[in-house]
Structures are given as structure tokens and as C-alpha cells.
K.L.:
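One structure follows; several queries about it will come next.
Counting starts at 1 for both ligands and their atoms, following the listed order. The basis for the numbers below is simple: all heavy atoms, side chains too, and nothing from hydrogens, waters or symmetry mates.
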Amino acid sequence: MKACLICGSPIEAFQSFGSMPLANGFLTAEDFDREYFFDLRVGFCSKCSMVQLLEQPPREKMFHDQYPFFSSTSRLQAIHFERFAEDAGRYLPPDDPFVVEIGSNDGILLRHFAKAGRRHLGVEPSAGVAAAARERGVRTMPAFFEKDTARRIVEENGRADAVLAANVLCHIPYFHSVAEGIDLLLSHRGVFLFEDPYLGDIIEKTSYDQIYDEHVFFFSLHSVQHAFGLHGMEVIDLWPQKTHGGSMRYGIARRGVHPVSDAVRAWFNKEKELGLDNPETYARFRERCEESRRRLKELLTAIRREGRRVVGYAATSKSTTVTNYCGLTPDLIEGISDTTPVKQGKYSPGAHIPVFPYEKFSSPYPDYALLFGWNHKDEIMAKEESFAKAGGKWIVYVPRVEVLA
Ligand code: SAH
Ligand code: TMP
Ligand code: ZN
């Protein structure tokens, strides 16, 4: 029996995905026999409502100088973060504000503060992406954010008016150290704005591919309110986002310092209707995942039996869960097209499907493209009109397995 990472209550798995490699562990053939695997199991804490992984690989195995995810590879993400910078700006005092970002990656968000000449600091442990940020003029500290990191930042820079984080809080299992760090770091009226994939969307869309090593928490308003409540903080507002297939941005502040928006009460009720606080919801989710797996495997097997070619589109972190959980091997998917140079020429984690440069996608087009980058669907569909014109078909699996007409 495991203990909940937030409240310490006993917690059991509602679903096991079996043995899984690192979602971003793209590798060469020489490394196949040294590949790292762990048990991907997910549980729901009925005491504090947090959905979480029961095991997570050590952080240095996931976030290091070769970490291959560069935030700025997506054009729409760049636009999204420009807006995030504007939204955060509304919480800043007029006089020389200081902004800290946790998990600042290649500087996709902080560059807007750098450009405006505002005091900022990114905290980013993966040296490769951090170097890309520095090249854009984004001040970056090479570290994992935790309580001690916060202490050092305050000593050297003073307190922050806003702490920002996108797609990183859910990566960090030592939540309490991070929350204490945020408490140390924020000025009295300071706010913490963070966003992550939203549990409600994952449940509604059966997007089980959000479940992988890096995502240790699947947040909801219920669980976020409880977790920050343990540190004298509260949710003051929340804003749904389209990114990563459905995310939620939460505004957190010291209890009683800022007014609480009406949206908070409304979302509490919505989550109750969705059953996010109810264990049965997760048992049903598991059944839908199993059904989705069966259908996808059947569809691909039938297509291959007809001798048609299938390639994967975008070697996303999420695709690692899909290929391994569904047993999709190179006999079903001959390769995965991806625009990220460090992934190209390597093999996908666990399933060992070759990753090839995007330029090869069209020469010649495959019969089917399995859309692993479904969260970037609008951007990709706009870019790939000629694939459809050439008779190519898209296969999607979220929210259900189907061939798009
Ligand atoms: N914020 C970006 C990047 C998300 S990927 C975006 O939304 O696109 C997660 C990033 O967080 C990675 O760059 C990873 O190196 C970093 N990270 C992981 N653990 C961290 C920690 N404890 N503190 C700070 N950054 C961390
Ligand atoms: P993500 O889903 O975790 O954001 O991963 C994005 C991956 O998808 C990254 O490896 C780049 C790849 N990608 C493409 O190959 N083509 C595209 O058009 C887009 C938007 C992403
Ligand atoms: Zn708990």
C-alpha cells in the first residue's frame, strides 16, 4: 500500500498500465538492452481527491541536459504563452515587479518579460533547454525548484510579485517542498499562477495518454484547493485552457488576501457533477481505456492486413503511453514523423518505432497517419491539407478511436 503524496492517506491503484519506459526516453539501438522501465500505476485519494502516480522514476532520469521537449516547437503554444504573459501582467504592481517561472524550458513565456525589460528569473534543471532560453536573453537558474531554491532566489533577488508555472507543477512529487518554496518566495500580495492538464478533460475525453512518468499529479480544483489549503493558501480564480488537450490555470494566493472569483464555486459544482471526487468515476475511466486500446489495436491490425502503410504523426510524450499500453510495434506503425531534431534518427521509448524527420512524411505520404499530436490538431490539420488531398487519412484515438472522414 502506498501513501498519498499530499495527505499521507493509504492509496491504491485504480489502473495499472504495466511496465513503461520514460515518455521522453528516445534512444538508439545500442541502448535497447539498457532501457529503463518502471510500473505505471495511477491512484485516487478519496481523502484529498488527488489523482496521482504511485511510482515515479528519479527526477534526474527525466530532466537532464538531453531533455528533448522544447516548448517553442509549436507555433500555437508560442501564441498561448504570449497571452499568459499578458494575463500575468495584470497581477503585477506597477513599480519594478519581479517574476519567477518554474520549469521555464526554452524561455517561451519569460521571453516576453525579458523583452519588456522586466526583472525575471527562470528555474530550469534541464541544461539543453535552459541554454536555448539564455540565448533568447532569458535569465535562467539551473536548478530543480524546491524550498531551498526559493530561499536562494529570495536571498539574491528579494521576493517575487508573481510565480508562474506551466506544465511543471504536475511533474513534481515533492509538492510540499514546492508549496513552502512558493510561500517563501511570494510577496504578501503575490500570486502563483500555474496551469497543467486538467483532470476533468482527461476523464471526459478518455485521454489516458496524459498518464506517463513525468505527470505525477492530475489536478482538479478539488485537489488543488486541498493541497494549497495545507499551506495557508487558496484558489482565487481559475481559467480553462485549450492547451495539451484541455488544461486549467489556477490563481493561488495567501488565504484572505485577494477576493475569490465566483468561478471557483461554479467549478466546484461542475467537478461534483463530473464525479471527480468519486472513486467510481475512475473505475469507469479504466474500462473506457481498455476499450479504446482494444479498438485501436484492432483498427491498425486490419489496416496492415490490407497492406496499407501507417505512420505516427508527432513523437509526443503521450505517444509513449499509447504505443506501450496498446502494444503498437513497428509492424503496425512503420515510423513516427517529428520536427524535433534530437528525436529524429532515434527510436521511440519501449515500442522502438523509428522516429524520422518531418521532411520524410510526404515522400511518399503514408495511407494513414495516426495523430499522436492530437492536442495540436488545429495547427497540424491546417499544415497538412495536401496529405488529405493526396488521399491520406487521419486516425485519432481521443476522444474515441476513429478514422476521420
Ligand atoms: N513550461 C514549459 C515546459 C514544460 S516541460 C511549457 O509549458 O511548455 C517541464 C519543464 O519543467 C522541463 O523543462 C523540465 O526540465 C522542468 N522541470 C522539471 N522538474 C522541475 C523542477 N522541480 N523545477 C523546475 N523545473 C522543473
Ligand atoms: P507535446 O504534445 O508533448 O507538446 O509534444 C510535441 C511534439 O510534437 C514535439 O516532439 C514536436 C512534435 N510536433 C510535430 O512533429 N509536428 C507538429 O506540427 C507539432 C505541432 C508538433
Ligand atoms: Zn490524499
K.L.:
Distance to 0.1 Å, residue and atom name: give those for the protein heavy atom nearest to atom 1 (P) of ligand 2.
P.N.:
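In this structure, atom 1 (P) of ligand 2 has His376 NE2, 3.7 Å as its nearest protein heavy atom.
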K.L.:
Could you please give the number of protein N/O/S atoms within less than 2.8 Å of the Zn ion (ligand 3)?
P.N.:
4
K.L.:
Check each atom of ligand 2 against the heavy atoms of Ser317 and keep those under 4.0 Å away; list them by number with element.
P.N.:
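In order of numbering, the contacting atoms are 3 (O).
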K.L.:
With a 4.0 Å heavy-atom cut-off (strictly under), which part of Asn375 contacts ligand 2: side chain, backbone, both or neither?
P.N.:
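Answer for Asn375: side chain.
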K.L.:
So for Phe372, does at least one of its heavy atoms come nearer than 4.0 angstrom to any atom of ligand 2?
P.N.:
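Phe372 does not count as a contact of ligand 2 under the 4.0 Å cut-off.
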K.L.:
When you measure from atom 5 (O) of ligand 2 to every protein heavy atom, which one gives the shortest distance, and what is it?
P.N.:
Thr316 CG2, 3.6 Å
K.L.:
Among Thr149, Thr73, Ile102, which residue places a heavy atom closest to atom 24 (C) of ligand 1?
P.N.:
Ile102
K.L.:
Please indicate whether any nitrogen or oxygen in Asn105 is less than 3.5 Å from any nitrogen or oxygen in ligand 1.
P.N.:
yes
K.L.:
Show the atoms of ligand 2 that are less than 4.0 angstrom away from any heavy atom in Lys318.
P.N.:
2 (O)
K.L.:
Quick one: are the ring centres of Trp374 and Tyr313 less than 6.0 Å apart?
P.N.:
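Judged by ring-centre distance (under 6.0 Å), Trp374 and Tyr313 do not meet the cut-off.
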K.L.:
Which one of Gly181, Ala165, Pro125, Ser71 has a non-hydrogen atom at the shortest distance from atom 3 (C) of ligand 1?
P.N.:
Ser71
K.L.:
Could you tell me which atoms of ligand 2, counted from 1 in the order shown, lie closer than 4.0 angstrom to a heavy atom of Lys343?
P.N.:
9 (C), 10 (O)
K.L.:
Would Arg75 count as a contact of ligand 2 if the rule is a heavy atom under 4.0 Å away?
P.N.:
no
K.L.:
Measuring from atom 14 (C) of ligand 1, which candidate in Glu214, Met62, Glu124 has the nearest non-hydrogen atom?
P.N.:
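Checking each option, the heavy atom nearest atom 14 (C) of ligand 1 is found in Glu124.
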K.L.:
For ligand 2, which atoms, with element, lie under 4.0 Å from some heavy atom of Lys383?
P.N.:
16 (N), 17 (C), 18 (O)
